[in-house]
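Below is one structure, written out as structure tokens, with a few remarks after it.
Every chain is numbered from 1, with letters handed out A, B, ... down the list of sequences. Quick caveat: nothing in here was measured; it's all calculated off a predicted structure.
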Amino acid sequence: MLETAETSFATDLTLSQKGQFEASSETLPSEPSDNLAGVRVVLAATLEQADELKGRLIDNNITQTSADGNISAQSVSLREIELRNEAIRKSSGTRDDKFIMLQRWEGTVTKVSKDSFVARLSDLSQENLEEEAEIPIEEIPEVDLRLVEPGAVFYWCIGYIDRVGGQRIRASMIRFRRLPTWTQPAIKKVRAEAQLLRQILVG
Amino acid sequence: MSADKLYQAPGDFELEVSVFGPGYGESVLVHLGRNRWLIVDSCVDPESGDPAPLQYLNRIGVKPNDAVKLVVATHWHDDHIAGLARIVEQCAQAEFTCSQALTCREFFELAQFSKRSITTRPGMEQFSKVLSILAERKQGRLESRGPEWASICKVLYVERDQRPLCEVTSLSPSSGQITLFLNQISSLLPAEYNQQRRLVSVQPNHAAVVLWVCVENTRVLLGSDLEETPNPNTGWSVIVESKNRPPGKASVFKVPHHGSRNADQPRVWSEMVEHKPHAVLTPFNLGLTSLPTKRDAERICRRTENAYSTARLPKTTKRNPTVERTIKEVTRKFRTISSAMGHVRLRKAVDRNDSWNVDLIGDALPLDQLSKLL
């Protein structure tokens with residue numbers, strides 16, 4: 001788990017074989033690399049952030065493992081990540097699998113039962129289109145199971161993966177967001193704001 | 001009716017009740033006479049993205065800033081407050097009212113948690129925006145009183161000098177309902193190390209504000225989402241039993257909680273509304289069980305032939321065949337929530353002994369027709 005800056009996001013990061021991290025290009029979905037052989041690293045939630053923030057740059061403090069195995073923390077922007085990724089790809093001369101997205105939703109879990117959950121879905125390609133689905137738990141990767149709770153947020157992508165070797169695979173991927181946790185200082189701040197507001201409006 | 005006639009503003013002595021509902025969402029707009037308007041809750045037109053009451057007022061040439069006298073948020077659930085902040089912003093002269101249950105520390109904290117959470121949805125975020133707007137106004141304008149806090153048998157707005165005379169009274173929440181609400185909401189507050197999950201509306205709804213509108217001798221009962229409970233100190237029973245509630249019977253009834261069985265109290269129909277009233281409901285297409293169910297619709301249609309729904313069943317969105325195939329394979333159930341906006345409008349001259357005129361606009365339809373489709 002990476003600790004990121006104040007308001008933001010805990011990110012799951014899987015390091016590639018080379019011991020470096022890379023941000024995948026936008027064509028790759030958010031998946032741990034061991035589920036897609038040959039695919040390099042995904043910086044899942046960071047890319048999702050980029051989508052949400054619609055091109056705005058955010059600063060993350062990201063832990064980086066250098067080629068010699070040293071771990072250091074530094075501040076980088078998303079744009080830098082993308083540029084680095086591009087440079088790595090060009091220098092290594094390798095090609096990546098490509099994901100062709102056909103549909104994407106953002107979902108919020110509203111109810112969880114033993115073997116399924118119900119979620120409200122916002123179609124990210126159409127404004128004001130709200131849908132609802134009951135999804136079996138078995139569609140969720142094991143690493144995300146603990147996150148399936150009412151109020152949890154996830155992305156659901158449907159599309160094709162065009163493999164480097166020429167295969168095309170139809171894919172449905174559900175990935176839960178690693179949401180930041182409330183810290184004691186943040187809770188205190190919220191309570192103070194609420195108290196002030198209540199004092200003004202209620203007395 | 002031509003569009004010109006359809007979108008004419010009501011006359012000075014014409015009472016209008018407009019109920020908007022796009023299949024997920026509800027808003028009621030009432031003309032109290034002489035261009036005085038009441039907005040109850042807010043929903044958004046899925047096509048335009050605009051709050052339905054503001055869109056309609058603009059269409060009939062009414063300026064919300066002056067004309068809207070009272071904005072009531074009956075409760076904090078998503079489907080009743082979409083676009084509410086814009087309404088409060090634009091209706092700068094209106095008094096804002098919500099349930100007294102929301103004066104508790106816990107609710108204010110919840111609103112602020114939602115504001116700070118990165119995952120907030122338009123629901124509670126609207127409320128926290130509204131509270132901020134009201135606080136700014138109160139700090140900026142000494143004469144600003146708001147907000148008002150609705151409770152059982154409290155007069156929220158009254159016109160006693162200029163006809164048509166009118167009065168808007170809240171019939172809930174009772175102290176029992178407020179206590180239930182407090183217990184419910186406390187469990188939603190996050191603790192240290194909890195993830196910043198989105199707030200999910202909890203049921204049943206204990207704190208909803210039911211409104212009684214009286215213009216001259218015509219009465220309207222707006223049932224919000226209040227549900228009945230076995231406890232006689234909460235739900236609809238406490239309202240029916242209340243000795244202080246305004247007298248008379250309503251000829252228009254906004255059926256509570258989308259016509260659900262849980263919100264049905266037969267004594268409301270026998271003691272608070274006229275025989276065969278005009279009954280309007282907004283459907284609710286969430287939770288994998290739509291409301292009203294077929295049985296709900298049939299039950300209401302047995303009580304009155306003048307029953308209407310603001311929306312039809314939602315149409316399934318057509319997508320790429322690969323996507324549709326995958327949806328079928330992955331999910332057990334999948335459906336669209338939002339429908340096109342529907343609008344049931346009732347108008348009646350209060351200075352004459354006229355009956356109600358009903359216009360079904362957009363996707364609105366008689367409830368017995370909806371019942372056949374369910």
Close side-chain approach of [X] to [Y], heavy-atom, < 4.5 Å:
X        : Y        : result
A:Trp156 : B:Ile327 : yes
B:Arg332 : A:Asp115 : yes
A:Ile187 : B:Glu192 : yes
A:Arg120 : B:Arg198 : no

Please classify the contact between A:Glu139 and chain B as side chain, backbone, both or neither, with a heavy-atom cut-off of under 4.5 Å.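 Just its side chain gets close to chain B.
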
At a heavy-atom separation under 4.5 Å, does A:Ile158 approach chain B through its side chain, its backbone, both, or neither?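 A:Ile158 touches chain B through side-chain heavy atoms alone.
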
Between [options], which residue shows the highest count of heavy-atom pairs closer than 4.5 Å to chain A?
options                               : value
B:Val330, B:Thr331, B:Thr336          : B:Val330
B:Phe113, B:Trp149, B:Phe107          : B:Phe113
B:Leu110, B:Leu131, B:Asn320, B:Val44 : B:Leu131

Please report, to 0.1 Å, the donor-acceptor pairs under 3.5 Å made by any side chain of residues 194-203 of chain A, with sequence neighbours excluded.
unit_1: A:Arg198; atom_1: NE; unit_2: B:Thr103; atom_2: O; d: 2.5
unit_1: A:Arg198; atom_1: NH2; unit_2: B:Thr103; atom_2: O; d: 3.2

Portion of B:Ala111 that has a non-hydrogen atom of chain A nearer than 4.5 angstrom: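 Neither the backbone nor the side chain of B:Ala111 comes within 4.5 Å of chain A.
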
Quick check on B:Tyr24 against chain A: is it the side chain, the backbone, both or neither that has a heavy atom closer than 4.5 Å?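 For B:Tyr24, side-chain heavy atoms alone lie under 4.5 Å from chain A.
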
Heavy-atom count check: over 12 atoms from other residues, nucleotides or ligands less than 6.0 Å from B:Glu329 CD?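 Counting other residues, nucleotides and ligands, CD of B:Glu329 exceeds 12 neighbours.
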
CG/A:Leu121 to CZ/B:Arg335 distance, rounded to the nearest 0.5 angstrom?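 The distance works out to 11.5 Å.
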
Rounded distance [0.5 Å steps], CD in B:Glu324 versus CG in A:Leu102: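 Answer for the CD-CG pair, B:Glu324 versus A:Leu102, is 12.0 Å.
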
Between A:Arg191 (side chain only) and B:Glu109 (backbone N and O only), is there a donor and an acceptor less than 3.5 Å apart?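 Not confirmed, A:Arg191 side chain does not pair with B:Glu109 backbone.
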
B:Asn58: side chain to side chain donor-acceptor pair (under 3.5 Å) partners, not counting sequence neighbours: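 In terms of side chain to side chain donor-acceptor pair (under 3.5 Å), with neighbours along the sequence ignored, B:Asn58 is linked to no residue.
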
Do B:Thr326 and A:Arg170 pass the side-chain hydrogen bond (donor to acceptor under 3.5 Å, both in side chains) test, and can you show the C-alpha distance, the side-chain angles, and the key distance before you say yes or no? CA-CA 9 Å; B:Thr326 310; A:Arg170 181 163 53 97; 2.9 Å; yes

